[in-house]
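This chain uses plain numbering: 1 for the first residue, then up along the sequence. Keep in mind that what you see is a predicted model, and the values were worked out from it rather than measured.
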Amino acid sequence: MNDKINRKALALLVAGTFFMENLDATVITPAVPAMAKSFGTAPVDLSTGISAYMLALGVFIPVSGWAAERFGARRIFSLAIVIFTLTSVLCGMAQNLPEFVAARIVQGLGGAMMVPVGRLVVLKETPKEGLVKAIAVLTWPALVAPVLGPPFGGLIVDHGDWRWIFWLNLPLGVLALLGALRLVPGHQPSQRSFDWPGFLLMGGALFFLMLVAEILARPQPALLAAAGALAAGLALLVPGVRHLKRADHPMLSLDAMQKPSFAVVVWGGSLFRMGVSAVPFLLPVMFQIGFGYTSFQSGSLLMAVFAGNLTMKPFTTAVMKRFGMRRVLIGNGALNATSIAACALFAPSMPLWLTCVILFIGGMTRSMQFTALNTIAFADIPGAGMADANTLFSTAFQLAMGMGVSLGAVAWQIGAIWGGGGADAAMPFRIAFLMVAAVSAIGLLDSLKLARNAGSSVLAARA
């Protein structure tokens, strides 16, 4: 019984650090004008600080698995919390843009270690029969933080100082560190050598691919720069993958891709994540530009998505056990794509209750799909391969979420070209939502390849 309680406490601890990291990545958006005024620079220049954090995540996530094995997960997880917390304080103390960017880069290093290593600890300590519930706990930060972040950040800016956005991480970080030292078990460190060629090739590739996402997400993207970054990323990715397949001790093992259940999560699951990541980006802008809502009104409407997330969460395990992973991924994935497409129907004349119902259903399907994908990813992974599979999963997850904002921005721009200039100011967004829904629907094709009993190893036994 004590072991079970400790595992639950550990999962809650790691979920708390996930929430802190996810919230930090989204809460900054409404504070950009106030921060720019404080630094004496243009608001658009603040995108450098936001992108620096995302780029650091992309580069250093592949190192997390090696670091956890080489020095022990408890040490790395605790160190990551310390780095993330202290650099949050430094972000709040920054007096100019260069200081802020430097702090965000180091903070990205902490986040790149904190999230994957935290998940690895939970995966290693949780038996297969308890994996569904553990993953359900770890999933909610990715669902809740993007919805709560913008209105929470706006509340702080409207009634206080933007610096408190970062300083609030200090007490949370202290509590997380105490919990990590108490709950995370110690493991015998390995003598695994560092794969410098793999790090330079894959780290460089991920840097440029994340840079593409950042460039395309700008209001006026430099398409030539994006094309150059994409070419550089692919030029490093091809030899990088070849090296990982041939090296005796690669930085990132690709063995997990041989498991159909894991491959589906990487390929089709990434398209799903891109779609759901684009929606919180598009909705507030459409409500404000297309319908004339205030920022508070548009942010409040997103609470319906949050409510759907929370409502579905207690039922995810029962639904997966009742219908099986494959049917859930296909059926619920189709509902999710439909709910995204339904956003194209939004109009100022639509009853508010109907708008909230559509957003609520979308939140429910997101919650279900996230939990199903995150669970089946590790259903067939043996314990010895869990570290590498977790690192690969985290890398794909971060890349897809970053690309999702770019997908939303590009779809919006295409919508402006096809449907702009008319009387309906929301038409570009309607086109964008249909395009995003199509991308999410394409991701379902991968799930059709799954065996009917996929994921049964974690669903059969009682959790």
Side-chain angles (χ1 to χ4, degrees), residues 7 10-11 14-15 18 61-70 73 76-77 113 115-139 142 184-185 187-188 190 192 195 198 202 241 244-245 247 249-270 272-273 316-317 320-321 324-326 328-329 369-400 446-447 449-461 463:
R7 286 197 298 267
L10 179 61
V14 174
F18 285 16
I61 279 179
V63 182
S64 61
W66 171 85
E69 287 192 11
R70 179 65 179 81
I76 296 301
F77 186 57
M113 296 291 178
V115 172
V117 175
R119 184 187 295 109
L120 176 61
V121 171
V122 173
L123 292 173
K124 282 192 170 184
E125 294 301 313
T126 304
K128 287 287 187 181
E129 63 269 19
L131 196 58
V132 175
K133 288 188 175 180
I135 292 296
V137 172
L138 297 184
T139 300
V184 178
H187 294 288
Q188 184 65 33
S190 71
R192 181 178 173 184
D195 178 20
M202 294 306 296
V241 171
L244 295 181
K245 290 181 176 180
H249 302 288
M251 168 66 63
L252 187 62
S253 174
L254 302 179
D255 291 345
M257 293 298 293
Q258 303 301 316
K259 302 289 185 181
S261 55
F262 188 88
V264 163
V265 173
V266 171
W267 299 121
S270 291
F272 159 75
R273 293 186 187 95
T316 52
T317 300
M320 287 187 291
K321 288 187 175 184
M325 291 285 198
R326 184 177 185 272
V328 166
L329 288 173
Q369 201 76 355
F370 258 112
T371 302
L373 284 170
N374 291 359
T375 302
I376 200 173
F378 303 100
D380 301 321
I381 303 297
M386 197 66 80
D388 287 321
N390 175 66
T391 305
L392 186 57
F393 173 87
S394 299
T395 302
F397 182 96
Q398 189 60 52
L399 185 61
D446 241 8
S447 299
K449 303 175 185 177
L450 286 172
R452 294 186 180 276
N453 64 342
S456 58
S457 61
V458 296
L459 294 178

Asks: Only one of I135, V328, V265 passes side-chain contact (heavy atoms from CB on, under 4.5 Å) with T375; say which it is.
Replies: I135
Asks: Heavy atoms, side chains only, cut-off 4.5 Å: are H249 and W66 in contact?
Replies: no
Asks: Show the nearest heavy-atom pair for residues N390 and P116, with the distance to one decimal.
Replies: ND2-O, 2.6 Å
Asks: Would you compute the distance between atom OG of S64 and atom CD1 of I76 and round it to the nearest 0.5 angstrom?
Replies: 9.5 Å
Asks: Does R326 reach the main-chain N or O of A454 with its side chain, forming a donor-acceptor pair under 3.5 Å?
Replies: no
Asks: Rounded at 0.5 Å granularity, tell me how far CE in M257 sits from CG in D388.
Replies: 13.5 Å
Asks: Take L373 and R273 through the side-chain contact (heavy atoms from CB on, under 4.5 Å) test and state the conclusion after the steps.
Replies: CA-CA 10 Å; L373 284 170; R273 293 186 187 95; 4.2 Å; yes
Asks: Provide the closest heavy-atom pair for A387 versus L120 in the form atom of the first, atom of the second, distance.
Replies: CA-CD1, 3.5 Å
Asks: Which pair of heavy atoms, one from M251 and one from V63, lies closest together, and at what distance?
Replies: SD-CA, 3.9 Å
Asks: Parallel, tilted or perpendicular: which describes the rings of F378 and F262, with under 30° parallel and over 60° perpendicular?
Replies: perpendicular
Asks: How many angstroms lie between atom CG of L254 and atom CG of L244, to the nearest 0.5 angstrom?
Replies: 5.0 Å
Asks: Does the side chain of L123 reach to within under 4.5 Å of the side chain of I381, using non-hydrogen atoms?
Replies: no
Asks: Test M202 against T395 for side-chain contact (heavy atoms from CB on, under 4.5 Å), laying out the working first.
Replies: CA-CA 10 Å; M202 294 306 296; T395 302; over 6 Å; no
Asks: About how many Å separate CG of L252 and OG of S394, when rounded to the nearest 0.5 Å?
Replies: 10.0 Å
Asks: Closest approach of M320 and A372, non-hydrogen atoms and distance?
Replies: SD-CA, 3.6 Å
Asks: Do P185 and K124 have side chains that approach each other closer than 4.5 Å (heavy atoms only, starting at C-beta)?
Replies: no
Asks: What distance do D446 atom CG and L329 atom CG have between them, rounded to the nearest 0.5 Å?
Replies: 10.5 Å
Asks: Please name the pair of heavy atoms, one in V137 and one in A11, separated by the smallest distance, quoted to 0.1 Å.
Replies: CG1-O, 3.7 Å
Asks: Please round to the nearest 0.5 Å and tell me the distance separating atom OG1 of T371 and atom NZ of K133.
Replies: 13.5 Å
Asks: Provide the closest heavy-atom pair for S270 versus A396 in the form atom of the first, atom of the second, distance.
Replies: OG-O, 4.2 Å
Asks: Are L138 and V122 close enough, and set up right, to give a side-chain contact (heavy atoms from CB on, under 4.5 Å), and what steps lead you there?
Replies: CA-CA 9 Å; L138 297 184; V122 173; 4.0 Å; yes
Asks: Could you walk me through whether N374 and F393 satisfy the side-chain contact (heavy atoms from CB on, under 4.5 Å) test, starting with their C-alpha distance in whole Å, then the side-chain angles of each, then the deciding distance to 0.1 Å, before giving a yes or no?
Replies: CA-CA 9 Å; N374 291 359; F393 173 87; 3.3 Å; yes
